[in-house]
Amino acid sequence: MASPARTPGSSDVPDARRWNRNIHYHRLLVEQLPPAASQVLDVGCGDGMLVRQLSKLSQHVTGIDNDAQSIVRAKALTTDTNATFVLGDVMMHPLANGSFDAVFSVATLHHLDTGVALHRLACLLKPGGVLGIIGIGRPDMVRDLPWQVAGVLASTVYRFTKPMWEHPSPIVWPPAHTNRDVERIAAALLPGCRFRQHILWRYSLLWIKPDARDSVDPCNVR
């Protein structure tokens with residue numbers, strides 16, 4: 001049997017030829033982008049692939065990552081004049097609350113304190129803004145067994161039909177929380193959020209920030 005196609009984690013690989021389990025769900029976030037979005041934030045942007053997608057559909061996109069090499073690569077690869085890259089920790093960098101129409105993040109939440117990070121990202125949104133996260137949870141081997149089996153089958157098919165691009169960004173494993181933990185934490189902090197588990201060992205978390213005067217806005221809680 002032939003070995004799965006595999007592309008090293010080189011930034012020389014064009015975006016159109018990249019695929020991995022994170023990139024697979026980029027489209028899900030792009031589809032959530034509000035019409036005429038003026039300011040968008042990508043948290044944990046890596047070398048900027050999602051930023052480059054979002055820049056085609058919004059006025060300005062900021063990518064932030066605390067890995068210096070990732071930011072160097074992102075700046076080198078990105079020619080879009082409406083994209084900015086920031087080296088920094090989203091939890092501490094002076095980003096203004098209420099300044100973004102959308103805040104997206106892929107495979108980054110498990111690098112952070114989940115509850116504190118969700119609160120921070122929610123507060124960065126304007127009222128009506130969209131929070132979209134593709135995350136990785138630690139599997140519960142009993143409750144998540146069907147998802148694990150489905151993930152193995154789907155991943156095997158994809159690995160033999162797509163060039164597997166190994167990203168060069170830092171990896172944190174295992175995640176601190178299970179998928180159920182993340183769902184529970186998010187539901188408590190972000191009323192009305194939508195949590196979905198996906199077959200390639202990822203989950204999505206989508207939330208629309210309510211009006212600033214709404215009592216369920218987590219940023220109104222002191």
Any donor-acceptor N/O pair, K209 side chain to A122 backbone, under 3.5 Å:
yes
Give me the atom names and distance for the closest heavy-atom approach of L206 to G132.
CD2-CA, 3.7 Å
What's the separation between atom CD in E183 and atom OG1 in T178, rounded to the nearest 0.5 Å?
9.5 Å
For I208, look at atom CD1 and say whether over 12 heavy atoms of other residues, nucleotides or ligands are found less than 6.0 Å away.
no
side-chain contact (heavy atoms from CB on, under 4.5 Å) with S38: which residues, sequence neighbours excluded?
Q59, D101, K126
Heavy-atom closest pair (I71 atom, C45 atom, distance to 0.1 Å) is CD1-SG, 3.9 Å
How many angstroms lie between atom CG of L118 and atom CG of L109, to the nearest 0.5 angstrom?
5.0 Å
For R180 and Q197, which I'm curious about, is there any donor-acceptor pair between the side chains at under 3.5 Å?
yes
Pair V106-L50, side chain to side chain contact (heavy atoms under 4.5 Å, CB included): steps then yes or no:
CA-CA 9 Å; V106 178; L50 181 58; 3.9 Å; yes
For H24 and R21, work out which heavy atoms get closest and say how close.
CB-O, 3.8 Å
Of all heavy-atom pairs between P175 and G137, which one has the smallest distance, and what is that distance?
CG-C, 3.8 Å
Would you check if L131 and F104 make a side-chain contact, meaning some heavy-atom pair closer than 4.5 Å?
no
How far does CG of L205 sit from SG of C193, to the nearest 0.5 angstrom?
5.0 Å
Quick test of your reading of the model: are D113 and R120 salt-bridged, counting only N-O distances below 4.0 Å?
no
Is there a donor-acceptor pair closer than 3.5 Å between any side-chain N or O of S105 and the backbone N or O of V43?
yes
Below 4.5 Å, heavy atoms only, C-beta onward: do Y25 and L200 meet side chain to side chain?
yes
Side-chain touch D80/K56, heavy atoms, less than 4.5 angstrom:
yes
Please confirm whether the backbone N or O of V13 pairs with a side-chain atom of R18, one donor and one acceptor, at under 3.5 Å?
yes
Any side-chain heavy-atom pair from L54 and V30 closer than 4.5 angstrom?
yes
If I take atom CG from residue D65 and atom NE2 from residue H111, how far apart are they, to the nearest 0.5 angstrom?
9.0 Å
Exam field: side chain W207 to backbone R194, donor-acceptor pair closer than 3.5 Å:
no
Please check if the side chain of R202 supplies one atom and the backbone of I134 the other of a donor-acceptor pair under 3.5 Å.
no
Would L87 end up clustered with V72 when hydrophobic side chains under 4.5 Å apart are linked, directly or stepwise?
no
Please step through side chain to side chain contact (heavy atoms under 4.5 Å, CB included) for the pair V103 and Q39, ending with a clear verdict.
CA-CA 9 Å; V103 173; Q39 294 291 333; over 6 Å; no
Check T108, L41, D89, T84 against I64 for a side chain to side chain contact (heavy atoms under 4.5 Å, CB included) and give me the one that passes.
L41
For the residue pair Y203 and F195, categorise the inter-ring angle as parallel (less than 30°), tilted (30 to 60°) or perpendicular (more than 60°).
parallel
For N82 and S58 the tightest heavy-atom approach is ND2-O, 3.0 Å
Could you tell me whether the side chains of T78 and R52 share a donor-acceptor contact shorter than 3.5 Å?
yes
Validation row: T62, D42 side chains within 4.5 angstrom (heavy atoms):
no
Hey, could you give me each pair passing disulfide bond (SG atoms under 2.5 Å apart) that has a residue in residues 103-138? Not counting sequence neighbours.
C123-C219
CA sep, side-chain torsions, deciding dist, call: H110, H177, side chain to side chain contact (heavy atoms under 4.5 Å, CB included)
CA-CA 8 Å; H110 68 287; H177 295 296; over 6 Å; no
For D181, check salt bridge (charged side-chain N to carboxylate O under 4.0 Å, His left out) against everything at least two apart and list the hits.
R184
Which atom names give the shortest non-hydrogen contact between A96 and L124, and what distance separates them?
O-CD2, 3.7 Å
Residue pair H60, V40: steps toward the side chain to side chain contact (heavy atoms under 4.5 Å, CB included) verdict
CA-CA 6 Å; H60 188 270; V40 179; over 6 Å; no
